[in-house]
J.: 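Have a look at this one.
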Amino acid sequence: MTPALRTIQFSMLSLKDLADTIAAKLQEHLFVGAELHGKRKKGDLCPCKILKVLEDSTVKTKYEEVKDSGKLKKKKVEAEEAEATKKEDYHQKEEPIKYPIDDLLVQPETDDPVFTVRPLPSRDFNVPMDGVGDLLMVWDFLSSFSKLLHLWPFSLEDFENAICRKGSNVNLIVETHSSLIQLLKSEKDECFSAVQKRTRALKITLSNWTDYLCDFLEIINIGDLSTHITTIKRGHYGLLDAQVKVGILRELVNQVLETDIAREKLAGYVEERQVLLSMKRGEALEEGRKKREEKEWLKAKSVDNGATNGHGVDSTENNQPVLSNGNHIGQNGQIAKNKGEAFSTRPNHASNNSRRLEIESKKTGKKKNMGVESQAEKGIDLTKKEALLLLRDGKIAASTWSIKERRRAYFERELEKRILHTNPLGKDRDYNRYWWFKRDGRVFVESSDSKLWGYYCCKEEIDALMGSLNPKGERERALQKQVEKFYSRICLELQKRSKDLATKIALEEAVHRRSTRVRALPRENPANAFLNYVNRWKED
């Protein structure tokens with residue numbers, strides 16, 4: 001420190017030059033107390049310490065030093081011990097890891113629970129693996145917007161089997177294409193502006209739907225799909241690969257999403273969801289406010305019973321306690337604001353809906369929202385499925401159903417009706433995405449690169465999946481919460497699916513036994529149930 005400060009004191013050099021000068025001087029001129037290694041006459045090195053500068057000159061400096069000093073070795077050992085102790089203390093004082101952290105950084109620890117082995121998802125799809133994602137997207141859209149398309153809903157299995165059918169006039173496929181093309185046609189979309197000049201029947205039928213489909217493929221002019229126009233014109237649509245059929249439907253869906261009709265529908269869903277969410281928040285705030293006032297009333301009552309004043313409770317001329325916020329408490333346990341407005345401490349939520357709905361309708365300024373609001377008045381009636389959900393795990397008995405639980409079920413049901421798009425449940429450690437489509441029941445697994453798909457189809461697999469997730473990781477903790485949130489519903493849908501599958505197998509066995517005696521019709525086979533599809537919502 002001393003020789004460095006001597007150089008710095010009166011120096012006019014720049015900071016960089018000054019630092020270089022000090023470094024060079026300290027290397028060339030040692031100072032008292034410096035510890036270093038010196039070379040013996042024999043050539044070997046030994047630890048040394050400068051005790052005194054004997055002669056300081058610009059040419060050569062002499063020093064008095066101690067070689068092989070035991071004062072040196074002891075200090076070295078002490079320094080090493082001190083450093084080790086410092087490191088040990090640092091590790092001891094190091095704060096524990098605050099979970100959750102990134103899943104890839106999570107390391108096994110002794111306090112970890114026993115994780116189950118994650119089950120391998122089934123991969124027995126009929127369509128090629130690289131077409132599964134588009135198949136699910138198209139089916140989910142058709143199911144979500146079935147009323148807009150005037151298309152009676154159908155199961156994912158029926159849709160997949162119909163796509164893979166080597167037939168040109170499968171009714172489910174015809175009605176699906178017709179409903180999408182009809183919406184584009186009625187919208188006078190620019191895709192079909194050129195088609196208007198051609199001679200086409202106004203109504204899309206079983207005999208001309210492929211003509212409209214070819215017009216559509218010519219207009220969008222996508223190379224991979226346009227090459228199949230000739231095959232379709234010849235009446236051999238059924239011979240196309242399943243992946244090509246799914247690709248055509250994907251493009252039709254994309255075009256429909258660009259129409260004004262679809263955008264208005266989505267905008268309406270957004271507004272209705274905002275009203276529902278606002279009502280839900282309002283009821284939650286109302287519930288919280290009433291609980292706080294009830295708690296305050298009970299506190300005031302206990303103080304009043306103790307014949308004490310001045311703790312937030314005063315006496316009025318009518319011997320009614322007054323809360324610290326100025327609200328009056330009546331004899332029957334009611335709280336009145338401004339001595340005039342009274343309400344029960346345990347209100348019926350539905351009784352206050354009319355006033356709240358009126359406020360919400362004024363805010364939105366949309367008359368169509370009144371339909372949502374009027375339904376909210378009747379929202380305390382439970383559907384059969386919601387009743388089963390409230391009875392999950394046997395923890396909630398029918399006799400204990402409260403208006404709060406009924407209202408919660410109502411809001412969840414109405415919000416799901418107006419869902420804008422399906423989001424994944426979450427991701428696991430390796431970024432695989434998990435999807436649950438409420439109309440199918442299965443939990444689908446998409447690999448991180450979207451090239452591989454699988455699914456879980458029974459409760460035992462869902463339980464094993466839950467047991468394999470590590471909540472110390474950010475992604476798996478979020479996924480675990482979402483699966484827990486929908487666990488009862490997922491199991492309910494899977495149970496229903498298992499029963500339907502058992503019935504289907506029993507029917508297939510019955511058909512097989514019958515076929516040994518009498519030739520059964522193809523439509524009687526449950527695997528060909530899609531052949532019996534009828535669009536009950538078809539426009540005239």
Side-chain angles (χ1 to χ4, degrees), residues 123-146 148-149 151 153-185 187 189-192 194-195 204 208-259 262 421-422 424 433 435 437 440 444 446-447 449-455 530 533:
R123 307 191 190 278
D124 53 342
F125 298 102
N126 292 330
V127 299
M129 186 61 69
D130 50 359
V132 173
D134 287 338
L135 178 79
L136 292 172
M137 183 275 288
V138 171
W139 175 78
D140 187 47
F141 173 82
L142 296 175
S143 301
S144 301
F145 295 90
S146 55
L148 175 67
L149 297 170
L151 185 66
F154 42 78
S155 67
L156 179 59
E157 288 94 339
D158 285 349
F159 184 51
E160 185 178 13
N161 290 332
I163 286 287
C164 297
R165 178 81 171 185
K166 296 298 181 180
S168 297
N169 287 326
V170 177
N171 195 46
L172 189 151
I173 297 297
V174 174
E175 292 295 338
T176 299
H177 285 82
S178 299
S179 62
L180 292 169
I181 294 173
Q182 185 63 45
L183 190 145
L184 291 173
K185 183 172 173 288
E187 178 74 8
D189 188 85
E190 60 181 18
C191 277
F192 281 90
V195 177
I204 302 175
N208 67 5
W209 73 278
T210 53
D211 295 332
Y212 277 99
L213 181 59
C214 290
D215 294 337
F216 171 76
L217 293 176
E218 289 176 2
I219 293 168
I220 62 174
N221 193 25
I222 296 178
D224 294 341
L225 302 179
S226 299
T227 56
H228 302 284
I229 293 177
T230 304
T231 304
I232 297 173
K233 285 185 175 179
R234 290 175 180 174
H236 300 307
Y237 167 86
L239 299 180
L240 298 178
D241 292 337
Q243 189 173 355
V244 175
K245 295 178 182 178
V246 172
I248 293 173
L249 286 169
R250 178 195 64 220
E251 294 305 319
L252 279 169
V253 168
N254 290 337
Q255 290 295 329
V256 167
L257 286 171
E258 295 296 323
T259 62
H421 56 85
T422 302
R433 287 175 286 273
W435 300 82
F437 300 96
D440 181 78
F444 290 84
E446 177 189 9
S447 63
D449 57 3
S450 302
K451 294 182 179 180
L452 200 61
W453 286 84
Y455 63 87
F530 65 93
Y533 174 79

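Only heavy atoms go into these numbers, but all of them, side chains included; no hydrogens, no water, no symmetry mates.
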J.: Are K245 and E251 within salt-bridge range, i.e. N to O under 4.0 Å?
T.: no
J.: Heavy atoms only: give me the nearest L172-F159 pair and the separation to one decimal.
T.: CD2-CD1, 3.9 Å
J.: Working to the nearest 0.5 angstrom, can you tell me the gap between I220 CD1 and D215 CG?
T.: 11.5 Å
J.: Any non-hydrogen side-chain atom of N171 less than 4.5 Å from a side-chain atom of E175?
T.: yes
J.: Out of curiosity, L240 CG to I248 CD1, how far, rounded to the nearest 0.5 Å?
T.: 6.0 Å
J.: Evaluate side-chain contact (heavy atoms from CB on, under 4.5 Å) for T176 paired with L252, printing each intermediate quantity in order.
T.: CA-CA 10 Å; T176 299; L252 279 169; over 6 Å; no
J.: Over 60° means perpendicular and under 30° means parallel, so tell me whether Y455 and F444 are parallel, tilted or perpendicular.
T.: tilted
J.: Below 4.5 Å, heavy atoms only, C-beta onward: do L180 and L249 meet side chain to side chain?
T.: yes
J.: Working to the nearest 0.5 Å, report the span between CE of M137 and CH2 of W435.
T.: 10.5 Å
J.: Any chance you could measure Y212, atom OH, to I181, atom CD1, to the nearest 0.5 Å?
T.: 9.0 Å
J.: Do V170 and Y533 have side chains that approach each other closer than 4.5 Å (heavy atoms only, starting at C-beta)?
T.: no
J.: Assess whether atom CG of D224 is packed by more than 12 heavy atoms of other residues, nucleotides or ligands within 6.0 Å.
T.: no
J.: Just wondering, are more than 12 heavy atoms of other shown residues or ligands nearer than 6.0 Å to CZ in R234?
T.: no
J.: Does the side chain of C164 come within less than 4.5 Å of N161's, by heavy atoms?
T.: no
J.: Any donor-acceptor pair under 3.5 Å linking the side-chain atoms of S447 with those of R433?
T.: no
J.: Working to the nearest 0.5 angstrom, can you tell me the gap between I163 CD1 and D158 CG?
T.: 12.0 Å
J.: Cut-off 3.5 Å, side chains only: do S450 and E446 have a donor facing an acceptor?
T.: yes
J.: Counting only N and O atoms by type, is there a donor-acceptor contact under 3.5 Å from the side chain of S144 to the main-chain atoms of F141?
T.: no
J.: When you measure from the side chain of W139 to the backbone N and O of F154, does any donor-acceptor pair fall under 3.5 Å?
T.: yes
J.: Begin with the C-alpha distance, continue with both residues' side-chain angles, and end with the deciding distance and a verdict on side-chain contact (heavy atoms from CB on, under 4.5 Å) for D130 and K451.
T.: CA-CA 6 Å; D130 50 359; K451 294 182 179 180; over 6 Å; no
J.: Taking all atoms of both residues into account, what is the closest heavy-atom pair of A262 and V256, and its distance?
T.: CB-O, 3.2 Å
J.: Examine distances only and state if a side-chain atom of H177 and a backbone atom of I173 form a donor-acceptor pair shorter than 3.5 Å.
T.: yes
J.: Does a side-chain heavy-atom distance below 4.5 Å link L217 with I232?
T.: yes
J.: Would you say F125 and E160 make side-chain contact, with heavy atoms under 4.5 Å?
T.: yes
J.: Can you name the nearest heavy-atom pair linking V127 to A242, along with the distance?
T.: CG1-CB, 4.2 Å
J.: Go through it in stages, so that I can follow the logic: the residues are Y237 and H228, the test is side-chain contact (heavy atoms from CB on, under 4.5 Å), and I'd like the CA-CA distance, side-chain angles, deciding distance and then a yes or no.
T.: CA-CA 9 Å; Y237 167 86; H228 302 284; over 6 Å; no
J.: Is the shortest side-chain heavy-atom distance between F437 and L156 below 4.5 Å?
T.: no
J.: Just wondering, more than 12 heavy atoms not from K166 lying within 6.0 Å of its NZ?
T.: yes
J.: Between T210 and L213 (side chain of the first, backbone of the second, donor and acceptor by atom type, cut-off under 3.5 Å), is there such a pair?
T.: no
J.: Please determine whether side-chain contact (heavy atoms from CB on, under 4.5 Å) holds for the pair L151 and F145, giving the CA-CA distance in whole Å, both sets of side-chain angles, and the decisive distance to 0.1 Å.
T.: CA-CA 8 Å; L151 185 66; F145 295 90; over 6 Å; no
J.: Donor-acceptor pair, distance only, cut-off 3.5 Å: does the side chain of S143 make one with the backbone of D140?
T.: no
J.: Minimum heavy-atom separation for V244 to L225, with atom names?
T.: O-CD2, 4.1 Å
J.: Within the 4.5 Å heavy-atom criterion, are R123 and M129 side-chain neighbours or not?
T.: yes
J.: How many angstroms lie between atom CG of L149 and atom OG of S178, to the nearest 0.5 angstrom?
T.: 11.5 Å
